[in-house]
2 protein chains.
Amino acid sequence: MVVPLNERKEQILKAVVINYIITAEPVGSRTVARSHRMDLSSATIRNEMADLEEMGYLIQPHTSAGRVPTQLGYRYYVDNLIDIDDLSADDEMAISSSLSTEKMREIEQIINNSARVLSSATNQTSLVMGPQFQKSAFQHLRILPLDDKRSLVVLITDTGFIKNKVIEMQQQLSPSELHQVVSYLNQKLYGLTIDQVTTSLINELKRDLFRRLEILEQAFILLEESLMEEKQIRVFLGGTTNILNQPEFKDVDKVRRMLNLFEQEPLLFKILEDASSEDDIVVRIGAENEYEDIKECTLITGTYKIHDKTSGIVGVLGPTRMDYSRVISVMRRLVDYLNQNLSS
Amino acid sequence: MVVPLNERKEQILKAVVINYIITAEPVGSRTVARSHRMDLSSATIRNEMADLEEMGYLIQPHTSAGRVPTQLGYRYYVDNLIDIDDLSADDEMAISSSLSTEKMREIEQIINNSARVLSSATNQTSLVMGPQFQKSAFQHLRILPLDDKRSLVVLITDTGFIKNKVIEMQQQLSPSELHQVVSYLNQKLYGLTIDQVTTSLINELKRDLFRRLEILEQAFILLEESLMEEKQIRVFLGGTTNILNQPEFKDVDKVRRMLNLFEQEPLLFKILEDASSEDDIVVRIGAENEYEDIKECTLITGTYKIHDKTSGIVGVLGPTRMDYSRVISVMRRLVDYLNQNLSS
DNA sequence: CTTTAGCACTCGTAACCCCAGAGTGCTAAA
DNA sequence: TTTAGCACTCTGGGGTTACGAGTGCTAAAG
């Protein structure tokens, strides 16, 4: 469907894209002519650019201006022309030091820190989603009596989540009864993902145990509730102010819409999940995004894994005029890091 | 020190402040003259306004413009002239419904929701600080063996915090040994605030127990670490986009500085804590704030209590031209709500 | 002594115009 | 097929002008 361009057109398109990414100004034929390895006059370039415009890869903001890449132009660039360089030594240093210096035991800290690193290395806004509790596998359940009435239910997953909840029970259980119940539950639930712990499964377990221990009813209700509650997932943002540096957001109204979006976590989660793919970095340019508010933006996403299982998503959001090459290499680096460090 | 104004000057000052709060435009003598209960000609008002300017309560952006309140003007208004109305029935409805509809068991949810309510009811940015872990009193410590090596340490405070941490121990403790240690610790620590659990106290306890149980060393290290780690406190923000609606933030640069501030949680915490007072709503206008970035803003803070003990701070931040009356009444309402609902 | 009407004055804003500069498309020559 | 040349278009900045809102002052009125 996409007609491949001839070599010269490709070079010109690439030059326009790269130049525009840097300057944010429409790129004229002279500029392209002067650019690296381009032994052609501006007139020739002008003709080619007119062709590229007709084909939909470039556009002129007004008659006497240079050209700007269209969404299609960026797409062709990303698919066929982009050079993804390794990170410079400086960048590499900066990134690995800010990833490792902080003592990051807790998973939340790692995620939060990742968002910071990603945004500062790309000068864009970053979105980082933690491991999905839903997809984590059940590992331990413990019930810990606190006093006459209250107990603490603790739930631990393979991805390192520790969820807890204080529950109230009418009667005290004897230690042995408690032990019995808890080991039964652990046996039944071990290895299941949280998604798989459905209401019907819980009901079934409840029936089994009910005959023996009526007291636990409330514990079950609360367990169930707490599982439901966790549907919403935290998305960590980094560098939200970076969008203000982009000239395409000099309009206060656009900024408002954007920041408004940032306040809606569940929506961010959906956007990230819809955009991402299991095992590759995905680039969504402009209207390729389904959500109205980011139709003038590019969203680049990557996924990381814990124990070889897809687990969380990292994203970078900015104007379509974005340094694709840099963002992609930084993201690769970060995903590698997360893959390695979250599994241990 | 502050000379009280005569009745007429007060009325004029009040009219200027109220008008300016609504329109965000400099207020001219004609406007004041036409305003409610003001049977004077504009010329008279002009004279009075010239006086008020000389006294430092008003200022002219330029010679041929109306007047705008100065920081001093707002201060006089807040201290002497403000009418704090009860919330309208509509507002009352809106606020109490959004406070109560959500099922809000977890303390984080209550706090987060409060931030939302506060910002949407005032059209400003809100800052809400959760109960301070530091000031909470120790209630329970439990150690829960998970498997051969790992145990879960759980710490519960009177304000409802549940902190936990997985620790690794070289040797397994027998249940009775564990019980012994834990009940000793609970006995020693019960009722102390987290602030009071100093390193030296921990060391002392460690010495006591060490002789008996060397194994716990790592547990102690981790306990200590976890206490230190919690120094940073979460501040929940609401309506960060609201500042964009204020004409004083039409300058992108100011917006950037502001949003930048919002990303620095520890700083927000300090600002809130410095501004607030134990048991009253505090209004800090303009340069009364010590932090450079909010010297053109007003910060209004209130504190709520859990079990009659000061516990958290709520704040509203916006331009000095802010609806003081409304913000104060909404905040009163919210603080009442929190006082009631967090103690149970 | 206080208030008010009248008036000249100030200053910011918006509208307008003009011009330079950048970049184009087209034509004709190489 | 490429390029030089040229006329044309459009934006943006700078300068000028006209308008209007609001002032301070003066002198008259209460």
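All values derive from a computational prediction rather than experimental measurement. Just so we're on the same page: letters track the sequence lines, and every chain starts at 1.
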Salt bridge (charged side-chain N to carboxylate O under 4.0 Å, His left out) partners for A/Asp251, two or more places apart:
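Partners of A/Asp251 by the salt bridge (charged side-chain N to carboxylate O under 4.0 Å, His left out) criterion come out as none, since no residue qualifies.
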Applying salt bridge (charged side-chain N to carboxylate O under 4.0 Å, His left out), name anything that partners A/Arg30, two or more places apart in sequence or on another chain.
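A/Arg30: no salt bridge (charged side-chain N to carboxylate O under 4.0 Å, His left out) contacts found.
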Provide a list of protein-nucleic acid N or O atom pairs under 3.5 angstrom, restricted to nucleotides 11-18 of chain D.
none

Report all interatomic pairs (protein N or O, nucleotide N or O of nucleotides 3-6 of chain D) with separations under 3.5 Å.
unit_1: D/dT3; atom_1: OP2; unit_2: A/Ser41; atom_2: N; d: 3.1
unit_1: D/dT3; atom_1: OP2; unit_2: A/Ser41; atom_2: OG; d: 3.3
unit_1: D/dT3; atom_1: OP2; unit_2: A/Thr44; atom_2: OG1; d: 2.5
unit_1: D/dG5; atom_1: O6; unit_2: A/Arg46; atom_2: NH2; d: 3.3

Please report, to 0.1 Å, the donor-acceptor pairs under 3.5 Å made by any side chain of residues 65-74 of chain B, with sequence neighbours excluded.
unit_1: B/Arg67; atom_1: NE; unit_2: B/Glu53; atom_2: OE1; d: 3.0
unit_1: B/Arg67; atom_1: NH2; unit_2: B/Glu53; atom_2: OE1; d: 2.8
unit_1: B/Thr70; atom_1: OG1; unit_2: B/Gly56; atom_2: O; d: 2.6
unit_1: B/Thr70; atom_1: OG1; unit_2: B/Tyr57; atom_2: O; d: 3.1
unit_1: B/Thr70; atom_1: OG1; unit_2: B/Leu72; atom_2: N; d: 3.3
unit_1: B/Thr70; atom_1: OG1; unit_2: B/Gly73; atom_2: N; d: 3.1
unit_1: B/Gln71; atom_1: OE1; unit_2: B/Ala287; atom_2: N; d: 3.1

Give a yes/no answer on whether the side chain of B/Arg8 brings an N or O atom under 4.0 Å of OP1 or OP2 in C/dT2.
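Looking at the OP1 and OP2 atoms of C/dT2, neither is under 4.0 Å from any side-chain N or O of B/Arg8.
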Any A/Arg67 side-chain nitrogen or oxygen under 4.0 Å from OP1 or OP2 of C/dT24:
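For C/dT24, OP1 or OP2 has a side-chain N or O of A/Arg67 closer than 4.0 Å.
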Interatomic distance where [atom1] belongs to [X] and [atom2] belongs to [N] [whole Å]:
| X | N | atom1 | atom2 | result |
| --- | --- | --- | --- | --- |
| A/Glu54 | C/dT24 | CD | C1' | 15 Å |
| A/Asn6 | D/dT2 | CG | P | 10 Å |
| A/Tyr20 | C/dG23 | OH | P | 14 Å |
| B/Ile45 | D/dA21 | CD1 | C1' | 17 Å |
| A/Asp51 | D/dT1 | CG | C1' | 13 Å |
| B/Met38 | C/dT4 | CE | C1' | 16 Å |
| A/Leu58 | C/dG23 | CG | P | 15 Å |
| A/Glu48 | D/dT2 | CD | P | 8 Å |

Quick one: stems involving DNA chain C, counted as three or more successive Watson-Crick or G-U pairs, both distances short of 3.5 Å.
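Paired runs of 3+ in DNA chain C: C:1-30 with D:1-30.
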If you check every side-chain atom of A/Ala50, which of D/dG24, D/dT23, C/dG25 has the closest atom?
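The closest nucleotide is C/dG25.
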